[in-house]
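Following: one structure in structure tokens, then a few remarks.
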Amino acid sequence: MSVKTIMDDMEYGPAPESDAQAREWLAKHSDGFGHFIDGNFVRSEGAETFSSRNPANGETLAQLEQANAATVNTAVNAARNAQVGWIKRSPHERAKFLYALARLVQKHSRLFAVLETLDNGKPIRESRDIDIPLVVRHFYHHAGWAQLASSELEDYEPVGVVGQVIPWNFPLLMLAWKIAPALAAGNTVVLKPAEYTSLTALLFAEICQDAGLPPGVVNIITGDGRTGALLTEHPKIQKVAFTGSTEVGRKIRETTAGSGKKLTLELGGKSPFIVFDDADLDAAVEGLVDAIWFNQGEVCCAGSRLLVQETIAEKLLEKVRARMDKLRVGDPLDKAIDIGAVADPVQLQQIRERVSQGVEEGAEIYQPDCLADTHEQRCFYPPTLMLNVESSFKVAQEEIFGPVLVSMTFRTPAEAVSLANNTRYGLAASIWSENINLALDLAPKLKAGVVWINCTNQFDAACGFGGVRESGFGREGGRDGMLEYMKPRYEAKLGAPDPEATPPPAAPSQDDSPDIDRTPKFYIGGKQARPDSGYSRDVFSPAGKLIGQVGEGNRKDIRNAVEAAAKAEAWSKTASHSRAQIMYYIAENLGARRREFTDRLIEQTGMARRTASREVDAATSRLFSYGAWADKYDGATHTTPMRGIAMSVHEPRGVMGLVCPNEFPLLGFISLVAPAIAMGNRVIAVPSEAHPLSATDLYQVFDTSDLPGGVVNIVCGTHRELGMVLADHYNVDALWYRGSPAGCEAVERASAANLKSTWVNNGLRYDLLDPEQGEGRDYLRQATEVKTIWAPYGE
Ligand code: NDP
């Protein structure tokens with residue numbers, strides 16, 4: 001037989017990975033697992049149990065316990081007690097524990113990989129070469145953060161106890177993404193793995209024992225969504241970190257509303273994979289294999305929407321089909337398998353239904369005949385390509401979470417961007433073109449938290465990962481990820497909630513005041529606009545004297561303001577130097593009218609002249625601060641194992657709603673508006689409900705400061721009511737709300753529908769004269785999204 005014949009005909013033989021050690025470990029636990037609480041595995045008498053199965057063959061691997069309310073409570077209390085000691089340890093000691101965890105996972109890496117593959121169905125090649133090495137890297141990287149947090153993040157402290165709920169697609173990797181930064185920041189955790197895939201988390205619990213981690217620092221409880229709900233709703237946790245479906249993310253946003261818990265949500269996606277006609281097509285095809293057929297397509301950031309330039313569509317699709325024909329689906333423990341088993345029969349059924357729905361909608365389907373070696377009953381699904389898809393089809397809009405790619409074409413870069421952004425999600429995007437200028441031009445235009453240029457599915461512990469829109473909010477990884485597990489130290493100094501923070505609304509009166517000059521209108525699109533309601537509210541001095549009237553804003557006014565803000569998009573692209581100049585100019589013009597603004601504060605609040613002029617001076621200085629920051633709040637480039645560049649860019653959130661505090665009528669307004677616009681956002685600001693005239697006086701200042709129309713829009717009215725409209729509005733990308741605890745709860749709950757990011761004060765009072773509480777990086781962070789852009793070096 002010639003070498004050529006061998007090369008041409010060579011069949012794959014079986015290349016099984018041994019599962020002996022994993023089976024030994026499972027056998028040791030054949031009587032079932034308990035929960036890992038306070039350093040020990042605990043069982044409850046008569047507890048409900050469920051099985052964990054191997055999706056590749058249906059075999060039961062282990063029996064697990066369902067944690068009930070009492071168990072969740074015990075775990076949270078253990079974490080609470082442990083936090084006291086954990087935070088007292090030196091950064092170096094905490095770092096050593098994280099380092100030990102990294103080392104121990106590394107030492108047992110093959111056992112972890114095999115167990116993951118048995119439990120989840122993913123190919124051993126992936127669990128061995130991707131999942132577990134990334135887990136190890138995550139713990140090493142965060143051992144470094146534990147060491148450095150007190151100096152590098154000195155203005156922040158841990159939040160306390162964190163409740164973490166993770167999905168089944170990357171069980172141990174998601175555990176690492178959650179536990180490593182939480183511990184490095186000085187928190188303790190209670191983590192619930194997914195019901196289908198809890199085993200590597202339980203093995204990790206044993207590793208925590210081996211590492212001598214103090215009891216209660218890590219607690220792992222098993223169970224289904226009921227346990228997840230009990231954990232996320234527990235009153236004694238200070239933060240919830242969740243990865244999973246948008247539907248459950250939304251529920252968690254609702255149930256945590258008003259609780260004061262910090263929240264990060266890493267949810268679904270329908271990420272575009274954009275191929276231009278000048279791309280290296282063979283590289284793009286390999287990229288596509290990694291984008292959608294990696295991990296059976298059960299990847300939140302899977303490149304599940306292929307957008308290909310029309311001129312090369314046929315050529316590319318031919319290559320894709322040829323490559324699909326070569327993909328091998330089968331026993332996940334076989335080292336030469338590309339696609340393993342879908343995690344559970346329920347998920348398999350869901351994939352089947354979604355694909356059938358696509359076919360009913362009119363899509364054409366291509367599937368290679370590659371399931372011959374897999375049993376019909378088991379959880380295998382072939383790589384699938386759907387053609388003739390329109391962007392309105394459900395298969396083009398909904399996450400399928402399986403090895404299913406939908407394909408569409410575009411003609412121009414602008415059309416590619418518009419198709420790419422035509423989804424409610426915004427997790428990731430991949431661009432393939434040899435023209436780096438084109439790729440870098442597109443990257444900021446894509447609504448996504450991560451953009452890969454000529455690569456895909458790159459992750460690293462040093463880089464932020466997370467989404468925008470209905471893909472959730474918050475970042476995991478690197479400095480940004482650390483900050484999600486910390487809170488500014490100044491928060492401890494904030495004043496207690498003030499039940500009187502929101503004054504009762506003044507009785508509306510028909511807008512027929514003869515003294516029309518005393519009724520400032522709204523400021524929308526750079527012009528004064530009458531309130532839609534035709535109602536005005538009286539503004540009184542502390543002595544009860546009528547000092548003016550302002551319009552009573554409603555839903556329609558907010559909608560008009562959002563439209564104006566959306567049109568002012570050019571502001572987000574204006575050079576930061578120019579934005580800085582305008583901020584300084586506003587400050588200069590405000591400073592020039594110092595006396596007038598001081599008098600207005602005195603008239604509205606009765607404050608002493610000294611206090612009032614201090615507030616005007618502080619507002620002027622704050623504008624200067626953000627003029628200074630406008631071109632200095634930089635992103636970063638990251639040092640990752642990839643040979644290439646990974647950079648975090650700070651992008652404006654877009655259109656922001658700002659409901660300003662009642663206290664500090666001028667400074668409160670400026671403290672929210674200035675950071676938001678300095679970072680390139682356009683805003684709809686609702687001024688102090690009780691003292692709105694300082695804000696409405698600013699129209700003239702803005703008009704004379706070259707601020708483009710629509711960048712700042714002002715609508716007066718009831719905080720709660722207008723806040724709810726802003727929270728509800730799909731085109732408002734972020735909302736800051738300073739008001740009563742009930743108002744904060746209401747807007748957080750309302751934001752669940754579109755999952756915008758919110759920043760509320762829970763009724764607490766910020767001393768805005770204190771620069772630590774009133775300005776700086778925390779505001780800038782809340783005014784920006786982090787986009788991570790990856791581009792490899794080389795030919
Ligand atoms: P879920 O969002 O339901 O599950 C994620 C985690 O949340 C699991 O640990 C789950 O527990 C838990 N959970 C479920 N309900 C609640 C609740 N009310 N409160 C708190 N925690 C809860 O995803 P599924 O596993 O059910 O998958 C459904 C679909 O979601 C998939 O088909 C896929 O489309 C998408 N998905 C997206 C992921 C992503 O990363 N973007 C990851 C996983 C799924 P349990 O596992 O026990 O149900």
Side-chain angles (χ1 to χ4, degrees), residues 48-53 55 64-67 69 72 119-120 122 163-171 173-175 177-178 190-199 201 220-234 237 240-256 261 263-271 295-302 304 342-355 379 381 394-395 397-404 423-428 449-450 457 459 465-467 469-472 474 476 752 755:
E48 191 184 330
T49 59
F50 60 97
S51 355
S52 201
R53 294 204 174 79
L64 304 169
E65 262 190 29
Q66 166 83 22
V72 172
D119 202 17
N120 165 280
K122 63 175 70 202
Q164 307 181 313
V165 177
I166 56 172
W168 41 257
N169 52 347
F170 293 95
L173 184 56
M174 287 302 106
L175 173 148
W177 280 26
K178 297 280 178 288
V190 180
L191 176 132
K192 186 200 90 66
E195 174 192 356
Y196 304 153
T197 55
S198 304
L199 297 181
I220 292 172
I221 54 174
T222 53
D224 60 19
R226 290 169 294 165
T227 304
L230 287 167
L231 177 58
T232 54
E233 287 164 29
H234 199 287
I237 57 169
V240 173
F242 173 78
T243 298
S245 63
T246 295
E247 187 194 345
V248 174
R250 205 169 261 137
K251 267 192 211 155
I252 293 176
R253 170 67 292 180
E254 275 172 19
T255 54
T256 54
K261 288 174 190 158
L263 177 63
T264 40
L265 297 176
E266 201 270 273
L267 310 175
K270 192 78 189 175
S271 299
N295 208 41
Q296 297 69 246
E298 296 163 337
V299 183
C300 51
C301 52
S304 51
V342 165
D344 191 83
V346 172
Q347 184 62 18
L348 181 67
Q349 185 54 25
Q350 181 161 312
I351 297 169
R352 286 185 175 143
E353 281 168 17
R354 291 190 178 165
V355 170
C379 289
Y381 196 84
K394 270 206 156 157
V395 278
Q397 292 294 335
E398 303 290 330
E399 187 173 46
I400 296 177
F401 227 62
V404 183
T423 156
R424 59 199 173 101
Y425 296 113
L427 192 50
V450 184
N457 274 344
F459 312 100
F465 179 88
R469 306 208 277 197
E470 291 192 25
S471 292
E476 298 192 283
L755 287 166

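One-based numbering, in listed order, for ligands and for the atoms of each.
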Run through all N or O atoms in ligand 1 and write down each protein N or O closer than 3.5 Å, as a pair with its distance.
| unit_1 | atom_1 | unit_2 | atom_2 | d |
| --- | --- | --- | --- | --- |
| ligand 1 | 2 (O) | S245 | N | 2.8 |
| ligand 1 | 2 (O) | S245 | OG | 2.6 |
| ligand 1 | 9 (O) | I166 | O | 2.8 |
| ligand 1 | 9 (O) | K192 | NZ | 3.0 |
| ligand 1 | 11 (O) | K192 | NZ | 3.0 |
| ligand 1 | 19 (N) | A229 | N | 3.4 |
| ligand 1 | 25 (O) | W168 | NE1 | 2.5 |
| ligand 1 | 32 (O) | Q347 | OE1 | 2.9 |
| ligand 1 | 32 (O) | Q347 | NE2 | 3.2 |
| ligand 1 | 32 (O) | Q350 | NE2 | 2.7 |
| ligand 1 | 34 (O) | E399 | OE1 | 3.4 |
| ligand 1 | 41 (N) | G244 | O | 3.4 |
| ligand 1 | 41 (N) | L267 | O | 3.1 |
| ligand 1 | 46 (O) | E195 | N | 3.1 |
| ligand 1 | 47 (O) | K192 | NZ | 3.3 |
| ligand 1 | 47 (O) | E195 | N | 3.3 |
| ligand 1 | 47 (O) | E195 | OE1 | 3.2 |
| ligand 1 | 47 (O) | G223 | O | 3.4 |
| ligand 1 | 47 (O) | G225 | N | 3.4 |

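To the nearest 0.5 angstrom, R253 atom CZ is 5.0 Å from L263 atom CG.
Contacts of T243 classified as side chain to side chain contact (heavy atoms under 4.5 Å, CB included), with partners at least two apart in sequence or in another chain: P167, M174, K178, E266, E476.
A distance-only check finds a donor-acceptor pair linking the side chain of K192 to the backbone of G223 [under 3.5 Å].
With a 4.5 Å cut-off on side-chain heavy atoms, C301 and N457 count as touching.
There is a side-chain donor-acceptor pair under 3.5 Å between D119 and S52.
The distance between the ring centers of W177 and F465 falls below 6.0 angstrom.
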